[in-house]
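A quick write-up on the structure given underneath.
Remember, it's a predicted structure, so these values are computed and weren't measured experimentally. All ligand and atom numbering here is 1-based and tracks the order in the structure.
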Amino acid sequence: MTTKNLTLAEAHAMAETCLSHNGCDPANARAIADRMVQAEQDECLSHGLFRLPWYVSGMKSGRVNGHAKPKTEQLAPAVIKVDGDNGYAPLGQHIAHDPLVECARQNGIAALALTNMYHIAAMWPEVEAFANEGLCAIAVTASYPYVAPAGGLQALFGTNPMGFAWPRKDAPPLVFDQASSAMARGELQIAARDGHKVPVTAGIGPKGEETTDPNVVLEGAQLGFGGYKGASLAMMVELLAGPLIGEFLSIESAEDDAGRNGPPKGGELIIALDPAKFGDPDGFLAHGEKLFAEILKQDGTRLPAQRRFAARQQTPIKGISVPISLYDDIQALMP
Ligand code: NDP
């Protein structure tokens with residue numbers, strides 16, 4: 001595949017300029033570009049520049065508010081809501097960070113309902129940022145119906161990711177962030193774009209047939225990881241990121257989109273826990289390290305997020321490789 005090498009600064013400038021030129025005010029353009037380049041830096045390509053033309057199409061369709069002014073509201077002593085004003089998620093997520101940290105430190109636990117925003121992307125940027133403040137955090141979101149319930153053939157659940165982060169002493173946080181489907185949607189789309197096969201567990205064709213062709217899965221339905229267990233986690237995420245916070249189920253988000261194939265509108269639930277207010281404020285960090293050391297004693301193991309953290313060190317030096325087709329698509333949207 002032919003690629004274009006860019007520095008992170010060049011990628012950020014390109015994303016910010018493109019978003020500004022296509023309907024974002026400076027605050028929204030900066031917050032979105034920050035998130036996309038953060039994903040590129042950690043080599044999480046399905047949430048990087050790959051999404052830029054799609055984000056532009058969402059604004060051009062008139063559905064997504066590029067001038068969104070998210071508003072924070074305290075719903076209960078330990079529950080905060082941020083209304084994203086129909087914009088993309090990053091600005092609302094950015095604005096929500098400090099209030100959630102303060103609320104969790106006061107109460108020991110705090111929940112954040114992010115609502116009325118488009119395309120809540122990866123979970124790790126938020127949970128990792130809370131763990132950098134010394135908190136544990138869990139985040140979930142739903143999307144569009146891509147995943148069949150266990151035993152079914154019709155897509156009903158989103159690929160519904162869940163992220164978790166745990167603070168560490170003198171080390172970056174322990175973070176995992178995974179879809180409840182066998183494969184994330186973006187990864188499936190990238191496999192289709194690049195002509196790669198996918199594992200047979202990734203999904204089924206329209207009649208329930210087995211396939212390793214990502215294009216056939218895109219016509220049919222994805223599957224939960226680990227069969228019915230992943231499907232139940234996807235169902236839990238639907239409930240927490242939908243009905244609990246007054247937001248769409250994945251099927252409702254698709255109805256709202258009405259076939260435009262724009263970014264999904266929906267919500268995210270984040271729960272932050274302050275270990276200083278639980279049972280072992282002085283010992284929990286060392287106790288967690290004992291677990292990580294035991295894991296890493298075993299050959300073949302690594303901690304989740306280690307791949308990302310390694311990439312994070314490398315990309316500022318070597319730059320990022322953008323497929324030339326994507327680069328050209330973005331250039332066509334530039335001033
Ligand atoms: P992966 O399967 O690539 O990785 C899941 C997690 O497992 C990561 O934290 C990863 O860490 C870790 N991991 C991978 N291999 C190992 C290993 N051998 N040992 C220990 N840990 C390991 O992620 P997904 O494809 O499920 O999801 C990709 C992204 O897509 C996520 O950020 C997710 O939030 C996002 N997503 C968003 C959706 C949405 O609707 N907004 C829907 C679905 C997914 P590492 O990163 O270091 O490899």
task = With atom 14 (C) of ligand 1 as the reference point, say which of R302, Q178, H119, E43 has the nearest heavy atom.
result = R302

ask   = Any chance the rings of F130 and W166 have centres within less than 6.0 Å?
value = no

query = What pairs of residues pass the side chain to side chain donor-acceptor pair (under 3.5 Å) test when at least one of them lies in residues 142-158, not counting sequence neighbours?
reply = Y144-D257

inquiry  = I'd like to know if the side chain of D85 reaches the main chain of K69, judged simply by a donor and an acceptor atom lying under 3.5 Å from each other, with no hydrogens or angles considered.
reply    = yes

query = Pairs in or reaching into residues 86-101: which pass side chain to side chain donor-acceptor pair (under 3.5 Å), with residues at least two apart or in two chains?
reply = R35-Q93, N86-K265, Q93-E126, Q93-E268, H97-E133

Numbering as shown, the atoms of ligand 1 that approach H47 to under 4.0 Å (heavy-atom distance) = 30 (O), 35 (C), 36 (N), 37 (C)

query = Between the main-chain N or O of N160 and the side-chain N or O of S180, is there a donor-acceptor pair closer than 3.5 Å?
reply = yes

request  = Compare A142, S253, P304, G158 and give the one whose heavy atom is closest to atom 12 (C) of ligand 1.
outcome  = P304

note = Numbered in order shown, the ligand 1 atoms found under 4.0 Å of a heavy atom of S143 are 40 (O)

message = Checking a contact table here: which protein heavy atom is nearest atom 28 (C) of ligand 1, and how many Å away?
response = A184 CB, 4.0 Å

request  = Kindly indicate whether atom 25 (O) of ligand 1 is approached by any protein heavy atom to under 4.0 angstrom.
outcome  = yes

query = With a cut-off of 4.0 Å, which atoms of ligand 1 are near a heavy atom of T159?
reply = 42 (C), 43 (C)

request  = Take atom CD of Q306 as the centre, draw a 6.0 Å sphere, and report whether it contains more than 12 heavy atoms from other residues, nucleotides or ligands.
outcome  = yes

task = Taking only Lys NZ, Arg NE, NH1 and NH2, and the carboxylate oxygens of Asp or Glu, determine whether R308 and D177 approach each other closer than 4.0 Å.
result = no

remark   = Taking only non-hydrogen atoms of F176 and a 4.0 Å limit, the atoms of ligand 1 in range are 9 (O)

inquiry  = I'd like to check whether D177 has a polar contact with ligand 1, where a contact means an N/O of the residue lying under 3.5 Å from an N/O of the ligand.
reply    = yes

message = Please tell me whether T159 and Q222 have a donor and an acceptor in their side chains that are separated by less than 3.5 angstrom.
response = no

message = Under a 4.0 Å threshold between the charged nitrogen and the carboxylate oxygen, would E40 count as salt-bridged to K318?
response = no

task = Report, in ascending order of atom number, the atoms of ligand 1 lying under 4.0 Å from any heavy atom of I120.
result = 39 (C), 41 (N)

inquiry  = For ligand 1, which is the ligand I care about here, please tell me if M183 has any N or O atom under 3.5 Å from one of the ligand's N or O atoms.
reply    = no

Ligand 1 versus F309: contacting region, heavy-atom distance under 4.0 Å = neither

message = Using a 3.5 Å distance criterion without hydrogens, assess whether the side chain of E73 forms a donor-acceptor pair with backbone atoms of L75.
response = no

key: ligand 1 atoms in contact with M123 (distance to a heavy atom under 4.0 Å)   = 34 (O)

Those atoms of ligand 1 less than 4.0 Å from some heavy atom in A121 = 37 (C), 38 (C), 39 (C), 41 (N)

ask   = Within 4.0 Å of atom 1 (P) of ligand 1 (strictly less), any protein heavy atom?
value = no

message = Tell me if a side-chain donor or acceptor on W54 pairs with a main-chain N or O of N261 at a distance below 3.5 Å.
response = yes

inquiry  = Heavy atoms only: which of A182, A165, A305 lies closest to atom 11 (O) of ligand 1?
reply    = A305

task = Taking only heavy atoms of A179 into account, list the atoms of ligand 1 that are under 4.0 Å away from them.
result = 24 (P), 26 (O), 27 (O), 43 (C), 44 (C)

inquiry  = On a heavy-atom basis, I'd like to know which of R185, E187, R307 is closest to atom 46 (O) of ligand 1.
reply    = R307

